[in-house]
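Structure in structure tokens, see below.
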Number of protein chains: 2
Amino acid sequence: MGRKRTKSGKIRLAEVAELAGVSPITASRFFRNPEALSVAKRARVESAAKELGYVPNLAARALASQRTEVIGVLIPSLTNNVFSDVLRGIYDASEGSRYSIQLSNTRYSILQEEKLLRIFLAQKPAGLIVTGIDQTAESRTMLEAADCPIVQIMEIGPNPVDMMIGFSHYDAARAAIAHLFAQGRRKIGFVGARMDPRVQRRLDGYVSAMKEAGLFEQRLVVTTATPTSVTLGGALFTDLLAREPGIDAVFCANDDLALGVLFECRRREIAVPEQIAIVGFNDLEFMASAVPTLTSVRTNRYEMGNTAATMLIEAIDGRRPEQPVLDLGFKVIERQSSSSRRSDSRPALSGAGTANKMIALPSSHD
Amino acid sequence: MGRKRTKSGKIRLAEVAELAGVSPITASRFFRNPEALSVAKRARVESAAKELGYVPNLAARALASQRTEVIGVLIPSLTNNVFSDVLRGIYDASEGSRYSIQLSNTRYSILQEEKLLRIFLAQKPAGLIVTGIDQTAESRTMLEAADCPIVQIMEIGPNPVDMMIGFSHYDAARAAIAHLFAQGRRKIGFVGARMDPRVQRRLDGYVSAMKEAGLFEQRLVVTTATPTSVTLGGALFTDLLAREPGIDAVFCANDDLALGVLFECRRREIAVPEQIAIVGFNDLEFMASAVPTLTSVRTNRYEMGNTAATMLIEAIDGRRPEQPVLDLGFKVIERQSSSSRRSDSRPALSGAGTANKMIALPSSHD
DNA sequence: AGGAACGTTGACAGCGCTACCAGCACCGAC
DNA sequence: GTCGGTGCTGGTAGCGCTGTCAACGTTCCT
């Protein structure tokens, strides 16, 4: 009737309250803390809201409450498969919660990250997820001064800003090399692209393992700042072969490179694993399907994103985790590409099928 | 001194105005329409804002102006490589503009899409990007009633809601089949997963091309609703072979499946392309690197996202494009996996290198 | 019976910004 | 000299919601 309406005809909380026969503030409480209402009023407000199709105005809520329900996420790349999985975990965890995700791409630049952080923080996010542990000093200061929970993801390191979830890329690389040693490989090359901090730590792990075995040689390492790709894997491997034709294994900083190395081997008619073993990193879905199947280091990417967002939301709601730093670990998934020379010189048909079953990863869904 | 401050110590527009010696409203105008100010005041406000480190409160702005600076993006998947590229294009276009991206995942469900749409629209987004042309009737109604520009992406169809950018999946599939016909292939299988509307239209294109040639047989088509993967490509191909051992080509609805088919061929020692030709769809980076290199239908994913966001922002700012429907086309990239039987029975070493250079796609960056 | 404690509710006063409109000075045209 | 136009500026009044605090009725304890 004479009911006041916003020009656009939107339903406001006041309308809901009027229909429910309560004050606006009571209706407001229904949405934030239903338990505070009596059962009768709760039902009345609920049905009134449903009847009118009420949707809260987030801008008004943010302005009045001096905080937003936005979780900021800073990741270095949108195309990297690794981050797709992490993101999916984050988005899945945010659904059903009242928080929404605001995503920004730092493009592997900590300066860009600092800039984005400043913008995010100005909007008072409810929480923040940042990638890695290599922020600028300025970023670090801002993060520590921020009055919202923060999760650092992708790796584990000392001095967490707040919470931290990831794994040790250094240890993972060492485990991969240990695996190759166990298979009798000695002259192991390293192939890496992009060389972001995490790839760098994988290289560090490789170097330390090789040095411990007295096998390290600088010319076994081929890296580039160029973004990774399958094609690049072949090119870097070609470089590696030119420098050191006698290698008997290649540890690739990621699976795309490993696939490129595999294709290059096929092109050069180098037998895998007989002549050269290949180990990748991340255990993307295709690794179990390749011929031969490719060994990789499995990382829990989906779980990392999902747990990070879940922990963050819990912390925002005042339930801080008992364990603020979580190591999700890794696992070397041994497949044909790095098996000992003596066993199956030709991969058995059934081998692939078995391997496929072994790696039914959550990250292969969706 | 006695200056009023918000509890958190944040600088407000009023502080900037005071320092600049102008009214708050004038300061406000500086940020929205600087040309409306005299040069002198413009400079005063600018330096005052910089001095105080003023950052506008977006919630207050949204509440007062009754509109947000958020572009809503609805995509069906976060993990699919195709959408990573599109998203990257969208995010790149949004940087430098004053609009921020709000992303939601419909998980290939138009019901979920409808629900998300309702939420988005309630927040009065500045613009909207939605995937595909198969919205529910309800969604369609909401979109048409929305008072913001809208871009439908990924494909072209009749009756655009507003703007539209994509290509014909039907025609693209027909072109792929025509290519295979030209190579002398006749018994061409179709392998598809997920079977979302766009994959369905690729199937339709395949069926129509095959029927025109009098070659269509239902048993040549193997599909599943399961999400796509490389492993699945091998499995579906195995099914296809069981049904029709005499096939001489496989058209895969995407590149992951094509890679799986290639690996399965290798496992079964089926020569590609001599016995069976393989054609994929999307032309992901690895296709040019595989052995043999894999033919695919190149689609302009990054450009699609980038152009969509650019057009949208232009439209929001009142500059509607002269051409609201944009067909970005596709291109069949012919490679070794579908070459005629007579030529190179063993792929030449140099072939791969050449192919690599041919496919320096923008989508392989980052 | 009196009072404290609890659960529940409502009034008030903004959150920081912008839409709207009025007002001012200045100009040229009549 | 008056008028209307133009360019710039400021005052007023919210946008829709929530924090704070007071007040209410009821229950339970002493």
Side-chain angles (χ1 to χ4, degrees), chain A residues 3-46 48-49 52-70 98 122-124 126, chain B residues 3-45 48-49 52-70 98 122-124 126 147:
Chain A
R3 203 171 284 168
K4 268 175 63 182
R5 283 279 170 89
T6 176
K7 278 162 229 147
S8 59
K10 274 283 166 334
I11 305 297
R12 288 170 308 173
L13 193 54
E15 269 91 59
V16 175
E18 189 181 346
L19 180 62
V22 299
S23 73
I25 189 64
T26 300
S28 167
R29 263 191 283 263
F30 169 75
F31 292 100
R32 289 172 296 140
N33 185 18
E35 286 74 29
L37 299 202
S38 63
V39 181
K41 299 221 166 168
R42 203 183 306 172
R44 292 234 300 281
V45 175
E46 182 163 25
L52 295 172
Y54 172 71
V55 181
N57 181 321
L58 298 185
R61 180 180 287 178
L63 181 59
S65 67
Q66 290 290 75
R67 55 196 164 69
T68 62
E69 290 173 345
V70 170
R98 64 176 187 286
Q123 303 310 325
K124 308 196 191 187
Chain B
R3 201 173 288 168
K4 267 175 63 182
R5 282 278 170 90
T6 178
K7 278 159 230 151
S8 58
K10 273 281 165 339
I11 305 297
R12 287 170 309 171
L13 192 54
E15 269 91 61
V16 176
E18 189 180 349
L19 180 62
V22 299
S23 73
I25 189 64
T26 300
S28 166
R29 264 192 282 265
F30 168 76
F31 292 100
R32 289 172 296 137
N33 184 19
E35 286 74 28
L37 299 202
S38 64
V39 181
K41 301 222 164 166
R42 204 184 305 174
R44 292 233 301 282
V45 175
L52 295 172
Y54 171 72
V55 181
N57 180 320
L58 299 185
R61 180 180 287 179
L63 181 59
S65 67
Q66 292 288 76
R67 55 197 164 69
T68 61
E69 289 173 346
V70 171
R98 66 177 186 284
Q123 303 310 324
K124 305 194 191 190
D147 63 344

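Below, each value reflects all heavy atoms present in this structure, side chains not excepted, and no hydrogens, waters or symmetry copies. Protein chains get the first letters and strands the later ones, always in sequence-line order, with residue 1 at the start of each.
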Sugar-phosphate, base or nothing in reach of R42(B), heavy atoms under 4.0 Å | nothing
By side chain to side chain contact (heavy atoms under 4.5 Å, CB included), A126(B) pairs with (sequence neighbours left out) Y99(B), I316(B)
Rounded to the nearest Å, what distance is computed from the CZ atom of residue F31(B) to the C1' atom of nucleotide dG16(C)?
-> 13 Å
Does the side chain of S28(B) get closer than 4.0 angstrom to OP1 or OP2 of dT18(C) through an N or O atom?
-> yes
Could you tell me which residues satisfy side-chain hydrogen bond (donor to acceptor under 3.5 Å, both in side chains) with S23(B), sequence neighbours excluded, listed by chain and number?
-> T26(B)
For A14(A), enumerate each residue passing the side chain to side chain contact (heavy atoms under 4.5 Å, CB included) test, keeping only those at least two apart in sequence or located in another chain.
-> none
Taken to the nearest whole Å, CG/L58(A) to P/dC15(D) is 18 Å
To the nearest angstrom, the CZ-P distance between R44(A) and dT9(C) comes to 9 Å
Atom-to-atom span, CG of N33(A) to P of dG7(C) - whole angstrom = 12 Å
Who pairs with R67(A) by side chain to side chain contact (heavy atoms under 4.5 Å, CB included), at least two apart in sequence or on another chain?
-> S65(A)
note: F30(A), atom CZ; dT8(C), atom P; distance rounded to Å ~ 15 Å
Side chain of Q66(A) only, please: which of dA19(C), dC17(C), dC15(C) is the nearest?
-> dC15(C)
Value in whole Å for how far the P atom of dT18(D) lies from CZ of R61(A) | 5 Å
Restricting to nitrogen or oxygen on both sides, can you table the protein-nucleotides 5-9 of chain D pairs closer than 3.5 Å?
unit_1, atom_1, unit_2, atom_2, d
dT9(D), OP1, S38(B), OG, 2.9
dT9(D), OP2, S38(B), N, 3.2

Nearest-neighbour nucleotide for the R32(B) side chain, dC17(D), dT18(C), dG19(D) considered = dT18(C)
Which of these passes side chain to side chain contact (heavy atoms under 4.5 Å, CB included) with F30(A): K41(A), E46(A), R44(A)?
-> E46(A)
Of the listed nucleotides dG19(D), dG14(D), dG16(D), the one nearest the side chain of A64(B) = dG14(D)
Distance test, side-chain N/O of Y54(A) to OP1/OP2 of dG16(D), below 4.0 Å | no
Enumerate, atom names and distances included, each donor-acceptor pair closer than 3.5 Å involving a side-chain atom of residues 53-63 of chain A, sequence neighbours excluded.
unit_1, atom_1, unit_2, atom_2, d
N57(A), OD1, A59(A), N, 2.9
N57(A), OD1, A60(A), N, 3.0

What's the shortest heavy-atom distance between A27(B) and V45(B), and which atoms?
-> CA-CG1, 4.1 Å
Hits for side chain to side chain contact (heavy atoms under 4.5 Å, CB included) against A36(B), two or more places apart or cross-chain, chain-then-number order -> R29(B), N33(B)
How large an angle, rounded to 10°, do the end axes of the helix from dA1(C)-dT30(D) to dC30(C)-dG1(D) enclose when each is built from five base pairs?
-> 40°
Grab the CG-P distance between N57(A) and dG16(C) for me, whole Å please.
-> 17 Å
Please identify each residue that fulfils side-chain hydrogen bond (donor to acceptor under 3.5 Å, both in side chains) with T68(A), with sequence neighbours left out.
-> none
Rounded to the nearest angstrom, tell me the gap between atom CD in E69(B) and atom C1' in dC17(C).
-> 12 Å
